[in-house]
Amino acid sequence: MKKYLLFLLTSLTFSTAQSQEIADAVRYSQDNLTGTARFRALGGAFGALGGDLSSINVNPAGSAVFSNNQVTLTLSNFNNKNNSNYFNTNTSSKENSFDMNQTGGVFIFKNHDTNSNWKKFSISINYEKTNNFDNSVFSAGINEYNSIDGYFLSYANFGNGGAPVPQEYVNTNTGESIPDLYSFLGNSLPNGQYPNMTGFAAQQAMMGYQGYIINAIDDTNNNSPYVSNVTQGGNYYQENNIYTNGYNGKLSFNAATSYKDKLYIGLNLNSHFVDFTKSSSFYESNTNTLSNDYTVRELRFNNNLYTYGSGFSFQLGAIAKVTNEVRLGLAYESPTWFRLTDEFSQSLTAVSKNISGELPADVVNPNVINYYAPYKLQTPEKVTLSFGYVFGKTGLISIDYTLKNYSNTKFKPESDSYFRDINNQMSNTLASTGELRIGAEYKIKALSIRGGYRFEESPYKNSLTIGDFNSYSAGLGYNFGACRLDFAYVYGERTSQQSFFNQGFTDGAKTTTKNNNAVATLTFEL
C-alpha cells in the first residue's frame, strides 16, 4: 500500500553512533601546501634553508636563520576547476575564493657574549591555512547498471531478516521493523539488537522506506526482507553535486637557536583548527517500464555534514651548514591529535508513477540534526629530509623529501567496534607515501626569480581513489630594503574516483581537479 507521507519531526539527536569514513580521515591528514609567496614559488622546498616564516612549518629550525625581525602578511586567490566523467558524460564546475591565508612574525635575540657559541635565539608565531576546502564538484550521466536503491537496501536488509543477514541473526531476529526505526535516529538500537547496526544505519533504512524507494515484501512481518520500488532495467540518469567549504588552520609557536652559526635547532608547538561543511545532492530519474504498482520515477537525496574541532601537534628540526654552500635539514612532525564533532542531516524526495499516472511525492524531511559525540582522530607523523645549495648571494637550489604513512591514521577510542573496523580498513587501504619538493631562486640585484616543482604520492594503495599530485610554481620578488613584495603562481593537478556513497551503491565519477593559485606576500623588516 502506498505511504502518503510528509514526514517532519523537528528534533536534536545526541548520539554515540558514528558514521565516519576513510575519506574523512584522509581529508584532515593531507596538507595542501600554502604559505608565503616565496615559499610557494619554490615548491615548499625550504627544509634546509629557513629564513622564511612558512619554512618553520617544514623545519622549525628555520627561524634561527633569520638575521632580523620580520612580519609577513599573505593574500591568496584559490581557483579550483573540476572536470568529471561519469559513464562517458563530461561535466565541469569551478570554485573561486580569496582570503588571507598566512600571517606571522619572527623576533631575533642576538647573544652579545663573544665567548658563547650560542649566537642567537629566535621566537616566532605563524598562522596558516594548511588546507582550503572551498570546492564544487558536479557529475552527471546515464548509469546503465545501478540505481541508488541499492544504498537503502544494503542498510534495510542488514539485521532485518533479509539477505545478506549473517546466520546468527536469522534465528534470533526479534527486532524492530523499519517503520519503527526512526525512533532511534542517531542512536544505537536498544537491548543489543543488531549490534552492528548503528543509529546511522537505521536512519538510512528509514529514509528509504518512508520515501518508498524500498518496501517490505510482507508488511505484516517485522522480519520481512526489503525489495526495491525502482523499476530494474538500467538507464538511470543520475546527477551528484558536492559543495564543500571551510579550512584547516594551524597556529605555530616556535623557538629556535643557533650554535656557532653552523647548527640550527628548533621546536614548534602547533594548535590546529578544523571547520568543514559538505553539502551533497544526488538526483536520479528513469524512464523504465511502469507497472500496476507504484514505481519510483525520480528522487533527490540530500546530505549535509558539518565537522568542527581542534588539535595539537609538535615539530622538531635541525639545519646544519656543512659548508658555506651546502645545507642539510632533518625535521620530524608528530601526529596531529584532533578532537572533532560532527553534525549531520538528511532529506529525501521521491516521485512515483504507475500506469494510471503520476502520484504525489513522498517527502522525507525529519528536520533532525544528529549531534554525534566528540571523537578523536590521529593523523600520521612525518619525517622530512632536506638538501640546499646556496650560490653566495646570486641564488640557490633546494630539495625536500617527506615520508608519511597514511595507514597509521586512526580514529579513537579504539575500544569502539566501529572505529576498530574502520581503522583496520585504513591499515589495509592506505599507503606509505613520499613527497618530493624542488625549488630554485636566482637573484639579479633586488629582483628574485623563482621556480618550483612538487610531487606527492597517492595516500591510497590503489592510486585510483585519489591519484598522485603534481604541481608547478613560479614567482618574482623585489626587495625594497625595509620591505619586500613577493608574488607566486602555482598550478596543481590530481585525479580521483571516489564513490558517491559508501555501500550498496558505490559508483562514482572520475574527476580531474586543477588548482590555480595566485599569491602575494608583503614582508616588513623591523
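Both backbone and side-chain heavy atoms feed into the values below; hydrogens, waters and symmetry mates do not.
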Any donor and acceptor pair, going by atom type alone, linking the side chain of D31 with main-chain N or O of L33 inside 3.5 Å? no
Evaluate the side-chain proximity of T384 to L330: yes if any heavy-atom separation is below 4.5 Å, no if none is. no
Looking only at side-chain N and O atoms, does N82 offer a donor or acceptor that is under 3.5 Å from a partner on N135? yes
Distance in Å, D52 CG paired with L42 CG, rounded so as to fall on 0.5 Å steps: 9.0 Å
Do F121 and N111 come within less than 4.5 Å of each other through their side chains, counting heavy atoms only? no
Report yes if the distance between the aromatic ring centroids of F391 and Y389 is under 6.0 Å, otherwise no. yes
Less than 3.5 Å apart, any donor N or O on the side chain of N241 or E239 sitting next to an acceptor on the other? no
Flag the pair F46 / V65 as yes when at least one side-chain heavy-atom distance between them is below 4.5 Å, and no otherwise. no
With no hydrogens and no angle check, is any side-chain donor or acceptor of T257 less than 3.5 Å from a backbone partner on K120? yes
Centroid separation F500 to Y86 less than 6.0 Å: yes
Whether F312 and W337 hold their rings parallel, tilted or perpendicular, with breakpoints at 30° and 60°: parallel
S76 side, atom OG; F78 side, atom CZ - distance, nearest 0.5 Å: 4.5 Å
I'd like to know whether NZ of K119 has more than 12 heavy-atom contacts from other residues, nucleotides or ligands below 6.0 angstrom. yes
Can you tell if the side chain of I242 reaches within under 4.5 Å of the side chain of K278, non-hydrogen atoms only? yes
Could you state the interatomic distance from NZ (K260) to CH2 (W118), rounded to the nearest 0.5 Å? 10.5 Å
Measuring only between side-chain heavy atoms, which start at C-beta, is I22 closer than 4.5 Å to L430? yes
Check whether N131 reaches the backbone of Q30 with its side chain - one donor and one acceptor, N or O, closer than 3.5 Å. yes
Would you say that more than 12 heavy atoms from the other residues, nucleotides or ligands in this model lie under 6.0 Å from the NZ of K461, or not? yes
Quick check on K110: does its NZ atom have over 12 non-hydrogen neighbours (other residues, nucleotides or ligands) under 6.0 Å away? no
Please determine, by modelled atom types, if N516 and Y489 share a side-chain donor-acceptor pair under 3.5 angstrom. yes
Could you check if a side-chain atom of Y306 sits within less than 4.5 angstrom of a side-chain atom of N304, using non-hydrogen atoms only? no
Would F455 and Y453 count as a ring-ring contact (aromatic ring centres under 6.0 Å, His included) if you check the C-alpha gap in whole Å, the side-chain angles of each, and the deciding distance to 0.1 Å? CA-CA 7 Å; F455 171 80; Y453 170 73; 7.0 Å; no
Using the test side chain to side chain donor-acceptor pair (under 3.5 Å), find all partners of N83 that sit at least two apart in sequence or belong to another chain. none
Any chance the side chains of T495 and T512 put a donor and an acceptor closer than 3.5 Å? no
Got a second to check how far N302's CG is from S345's OG, nearest 0.5 Å? 9.0 Å
Would you please indicate if the ring centroids of F109 and F107 are separated by under 6.0 Å? no
Among L75, T74, T36, find the residue that satisfies the side chain to side chain contact (heavy atoms under 4.5 Å, CB included) test when tested with V519. T74
How about Y247 and D134: does a side-chain donor come under 3.5 Å of a side-chain acceptor? no
Please find the pair of heavy atoms, one from S473 and one from V490, that lie closest to each other, and give the distance. CB-CG2, 4.0 Å
Side chains of N424 and S427: is there a donor and an acceptor less than 3.5 Å apart? no
Please test F501 against Y155 for ring-ring contact (aromatic ring centres under 6.0 Å, His included), starting from the C-alpha separation and ending with a verdict. CA-CA 12 Å; F501 297 94; Y155 287 105; 9.8 Å; no
Charged N to carboxylate O below 4.0 Å: is that the case for R420 and E414? no
Derivation of the ring-ring contact (aromatic ring centres under 6.0 Å, His included) call for F282 and Y151: CA-CA 12 Å; F282 181 88; Y151 173 78; 9.4 Å; no
d(T103 OG1, L53 CG) to nearest 0.5 Å is 8.5 Å
Heavy atoms of other groups near K321 NZ, more than 12 under 6.0 Å: yes
Minimum-distance pair of heavy atoms, taken over all atoms of R450 and A41: CB-CB, 3.8 Å
With a 4.5 Å heavy-atom cut-off, do N80 and V137 have their side chains touching? no
Examine the side chains of Q238 and E284 and answer whether a donor and an acceptor come within less than 3.5 Å of each other. yes
Going by atom types only, do T521 and Q102 share a side-chain donor-acceptor pair under 3.5 Å? no
Hey, what's the ring geometry for F419 with Y375, parallel, tilted or perpendicular (30° and 60° as the breaks)? tilted
Only one of T34, N32, N101, D99 clears side chain to side chain donor-acceptor pair (under 3.5 Å) with K129; which? D99
Regarding E333 and K250, does a basic nitrogen lie under 4.0 Å from an acidic carboxylate oxygen? yes
Can any side-chain N or O of E381 pair as donor or acceptor with the backbone N or O of N408 at less than 3.5 Å? no
In Å and rounded to the nearest 0.5 Å, what is the OG1 to NZ distance from T323 to K262? 8.0 Å
Go through the side-chain N and O atoms of N268 and N254 and say whether any donor and acceptor fall under 3.5 Å apart. yes
Apply side chain to side chain donor-acceptor pair (under 3.5 Å) to residues T523 and T72 and explain how you reach the verdict. CA-CA 4 Å; T523 301; T72 67; 5.3 Å; no
Please verify the inter-ring angle class for F133 with F276; under 30° counts as parallel, over 60° as perpendicular, anything in between as tilted. perpendicular
Kindly write out the residues that satisfy side chain to side chain donor-acceptor pair (under 3.5 Å) with Y472, not counting sequence neighbours, or none if the list is empty. none
Any Q378 side-chain heavy atom under 4.5 Å of K412 side chain: yes
